[in-house]
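All remarks here apply to the structure that follows.
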Amino acid sequence: MLRNERYFSKAKNRLQRILPVLLMILCITVSPYAASRASAASAAPSHIDAVLLIDVSNSMNKSDKNKIANEAMKMFIDMLSTQGDKVGIVAYTDKVQREKALLGIKSAGDKEDLKNFIDGLSRGPYTDLAVGMEEAVKVLENGSDPGHEPMIVMLADGNNDLNEASGRKQSDSDKELKAAVESAKQKGYPVYTIGLNADGKLNKNILAGLSSETGGKAFTTNSADDLPQILSEIFASHLKLKVVPVPSITANGDYQDVTVNVPNSSVLEANISIMSSKPVTAKLSDPSGKEVAIPSDKVLLSKSSTYTLIKLLAPEQGDWKLQVKGVPKDKIDINLVFNYDLELKLDALPAKSYGKGDKVEISSHLYSNGAEVTEGSLYQEMKAVLLATDADTGQVQEIPLDNSGAAFKGTFEIQDSHEYKLKVRAEESSFYRESDELTINAKTGTVATAPPSAGTPAGEEPAAEKTTNTLYYIIGGIVLLAAAAAFWLLRSKANRGFVGQMVVEVLDTNTGEKTYPQYKKLSGFRGKFTLHQLLQLAPELKESEKLVFTPGTNDRLLLRSGEGITVERSGRAADISRGLEMKSGDRVTVSLQTVDKTISLEYLI
């Protein structure tokens with residue numbers, strides 16, 4: 001009873017400390033500054049949260065004997081921005097062999113860390129698509145930023161090769177894969193698949209299905225040499241960009257000129273990828289003819305055995321001259337991908353409602369960093385169309401828009417008393433943009449609904465009234481949040497979370513074979529978890545469910561076990577009856593009795 005009184009007293013004190021914070025959040029939330037900051041954030045350039053999902057089974061030795069896939073993935077990483085993009089990596093066979101949680105890229109060093117991780121990947125037996133797909137979804141769930149563009153890039157041949165000794169059936173894998181794909185679809189994680197068909201055994205249908213169900217794209221190739229080009233296409237497609245090809249050159253041992261046209265001042269980055277099987281050197285001059293050092297403050301350089309990537313940061317508009325020198329007779333492919341700070345918005349409609357026979361005046365503008373672009377030349381370089389979809393019939397009408405001024409304008413006539421969905425698409429040679437979708441219901445003459453970014457639609461409540469109502473909702477939400485916080489405090493002792501990850505290796509003491517290290521994130525567990533859960537509930541290792549982990553203080557773990565399991569730390573048997581504390585970097589080994597297996601565990605934060 002005394003213990004309960006002390007616990008409730010602590011909970012009360014903690015709640016008293018949290019309430020002022022909640023009130024401060026309320027004040028910040030309703031302030032004009034917060035509103036403007038949220039608006040600016042929504043208009044910021046898109047960032048990518050990408051998980052590279054890699055089949056590292058032995059079958060890849062035939063599909064990609066030179067590990068071109070590794071080089072292609074490293075080039076993909078080099079193309080990403082150092083201003084907040086994130087990358088995670090999942091390497092799988094019929095188990096997750098190695099894993100890296102989403103890492104925010106803030107420097108060249110972060111990219112090197114990811115590329116070194118890829119270089120360290122090794123291959124193993126068996127394949128299970130479901131295992132890899134499930135883990136990729138979990139990585140995004142645990143680390144994706146709500147304001148970023150999530151994606152999964154899968155490199156595989158689409159075939160399973162299950163270990164019969166494990167007892168796992170194809171039906172089990174199919175069921176889990178279906179669930180993982182459905183989860184990716186619901187959470188908005190498009191899956192881009194790259195099928196390697198070097199041995200002619202590619203399962204195209206499986207990979208195409210993964211992509212089509214989640215809104216991604218499927219690519220296939222008979223040669224791993226095509227992978228850098230495909231990864232460039234995926235990078236561009238996800239950010240609504242276009243790969244601008246430059247005619248291939250055959251090296252002659254001298255510098256050969258290539259023109260790189262930076263089309264406008266809205267280019268954030270220009271990625272120049274030079275793909276060659278042999279070493280190349282490059283020189284660069286800006287539009288004024290002045291030579292620019294590679295690398296320098298505004299020019300980044302990344303190189304590997306198969307590619308050279310030059311990234312221009314906020315490059316000056318105009319023609320840059322690239323000079324490339326390679327080994328005589330070597331074929332050199334060059335691609336350009338420009339990253340833009342541009343958003344396309346469809347303006348609010350002038351009328352409150354529309355019916356059959358009415359004409360709808362359409363206007364759309366480009367925005368850069370939240371500000372409307374008024375530079376007419378940028379509009380005039382682009383082709384824009386209104387895509388009007390009749391939701392009742394599925395018919396799509398494509399109406400060219402006028403781009404002679406600093407806007408895209410046109411007229412849409414409502415032919416029938418149907419529901420119509422309207423959006424604008426504008427494109428030029430190196431990128432395209434699409435506006436949010438606007439819906440007109442001409443069946444009942446109801447108010448047209450405009451996308452949030454286009455301002456307050458006709459017929460909506462005034463801004464002041466909306467702000468007042470929003471305030472009521474926020475206050476009510478804060479009250480509910482405070483109540484939830486009180487409830488959470490009362491049950492947090494039994495529902496605390498975990499941090500960090502556990503590195504797991506399993507040794508067969510009869511054969512001496514040891515599995516590859518598996519990196520298991522702990523953030524998905526609450527209150528407690530067992531070693532058996534970390535081992536993916538393998539039936540032959542059921543004995544490991546006796547080993548239980550609970551959260552300790554200062555991000556440590558407490559390890560307890562039932563009878564029959566020996567736990568060693570630093571080569572000595574440990575007494576875990578009262579709980580063995582593990583801090584970051586601690587290692588233990590667990591010896592099972594029913595099977596000849598020894599499990600090594602390392603706790604990392």
Side-chain angles (χ1 to χ4, degrees), residues 48-60 63 69 73 76 86-102 118 121 123-144 149-163 166 168-196 201-220 230-231 234 238 516 518-521 523-524 533-538:
I48 285 178
D49 283 351
V51 174
L52 301 177
L53 179 57
I54 312 153
D55 178 354
V56 291
S57 63
N58 287 332
S59 64
M60 295 292 282
S63 301
M73 288 182 292
F76 180 89
K86 293 181 180 179
V87 176
I89 301 169
V90 175
Y92 73 97
T93 53
D94 62 334
K95 302 175 182 178
V96 176
Q97 296 292 351
R98 293 194 68 189
E99 176 181 331
K100 197 169 189 66
L102 285 172
I118 289 174
L121 297 178
R123 291 173 176 165
Y126 309 114
T127 316
D128 192 336
L129 284 170
V131 169
M133 188 65 189
E134 272 187 325
E135 195 64 23
V137 171
K138 288 179 183 177
V139 170
L140 283 175
E141 285 176 337
N142 293 332
S144 182
E149 297 283 348
M151 66 187 300
I152 296 172
V153 181
M154 172 185 274
L155 265 154
D157 61 13
N159 295 300
N160 275 356
D161 179 17
L162 303 180
N163 181 2
S166 70
R168 184 170 173 83
K169 299 178 182 178
Q170 182 63 45
S171 57
D172 298 327
S173 178
D174 291 343
K175 182 178 179 181
E176 290 180 16
L177 180 61
K178 182 178 179 180
V181 171
E182 180 62 26
S183 179
K185 178 181 177 181
Q186 294 298 325
K187 296 178 185 299
Y189 302 159
V191 180
Y192 294 84
T193 58
I194 306 174
L196 293 174
K201 298 180 179 180
L202 175 68
N203 192 331
K204 294 182 180 179
N205 293 336
I206 287 289
L207 297 181
L210 293 178
S211 295
S212 63
E213 285 193 47
T214 58
K217 290 186 177 180
F219 298 81
T220 62
I230 292 173
L231 265 296
I234 290 174
H238 197 65
Y516 294 98
Q518 299 182 44
Y519 293 74
K520 303 290 188 179
K521 294 189 69 174
S523 57
Q533 289 173 287
L534 279 187
L535 298 174
Q536 297 179 326
L537 305 178

So do [Y] and [X] actually touch side chain to side chain, heavy atoms under 4.5 Å?
| X | Y | value |
| --- | --- | --- |
| Lys86 | Ile48 | no |
| Val87 | Leu52 | yes |
| Val131 | Val96 | yes |
| Met154 | Leu207 | yes |
| Leu140 | Ile152 | yes |
| Val51 | Ile89 | no |
| Leu155 | Met73 | yes |
| Leu162 | Lys169 | no |

Once side-chain hydrogen bond (donor to acceptor under 3.5 Å, both in side chains) is applied, do any residues pair with [X], and if so which ones, sequence neighbours excluded?
| X | value |
| --- | --- |
| Glu135 | none |
| Tyr192 | His238 |
| Ser183 | none |
| Lys138 | none |

When you measure from the side chain of [X] to the backbone of [Y], do you find a donor-acceptor pair of N or O atoms at a distance under 3.5 Å?
| X | Y | result |
| --- | --- | --- |
| Thr93 | Val56 | no |
| Asp49 | Met151 | no |
| Ser211 | Ala208 | no |

I'd like to check the side-chain contact (heavy atoms from CB on, under 4.5 Å) partners of [X]; sequence neighbours left out, ordered by chain and number.
| X | result |
| --- | --- |
| Lys175 | none |
| Lys178 | none |
| Glu213 | Val181 |
| Asn163 | Asp94, Tyr126, Ala165, Ser166 |

Ile54 and Val90: CA distance, side-chain angles, deciding distance, side-chain contact (heavy atoms from CB on, under 4.5 Å) verdict: CA-CA 6 Å; Ile54 312 153; Val90 175; over 6 Å; no
Looking at [atom1] of [X] and [atom2] of [Y], how far apart are the two atoms once the value is rounded to the nearest 0.5 Å?
| X | Y | atom1 | atom2 | result |
| --- | --- | --- | --- | --- |
| Asn203 | Asn159 | CG | CG | 5.0 Å |
| Leu177 | Ile206 | CG | CD1 | 6.5 Å |
| Ile194 | Asp157 | CD1 | CG | 13.0 Å |
| Tyr92 | Met133 | OH | CE | 10.0 Å |
| Thr193 | Leu210 | OG1 | CG | 6.5 Å |

Can you confirm whether Lys520 is buried at NZ, in the sense that more than 12 heavy atoms of other residues, nucleotides or ligands lie under 6.0 Å from that atom? yes
If you take all heavy atoms of [X] and [Y], which pair is closest and at what distance?
| X | Y | result |
| --- | --- | --- |
| Pro190 | Pro150 | CD-O, 3.2 Å |
| Asn160 | Ser173 | ND2-OG, 2.9 Å |
| Gly143 | Leu102 | C-CD1, 3.3 Å |
| Val137 | Ala184 | CG2-CB, 4.0 Å |
| Ala136 | Leu53 | CB-CD2, 4.1 Å |

Under the salt bridge (Lys or Arg N to Asp or Glu O under 4.0 Å) test, residues paired with [X] that sit two or more places apart:
| X | result |
| --- | --- |
| Arg168 | Asp128, Glu176 |
| Lys217 | none |
| Lys187 | Glu141 |

Could you go through Thr214 and Tyr189, starting from their C-alpha distance and side-chain angles, then the distance that decides it, and tell me whether this counts as side-chain contact (heavy atoms from CB on, under 4.5 Å)? CA-CA 7 Å; Thr214 58; Tyr189 302 159; over 6 Å; no
Cut-off 3.5 Å, side chains only: do Asp161 and Thr127 have a donor facing an acceptor? no
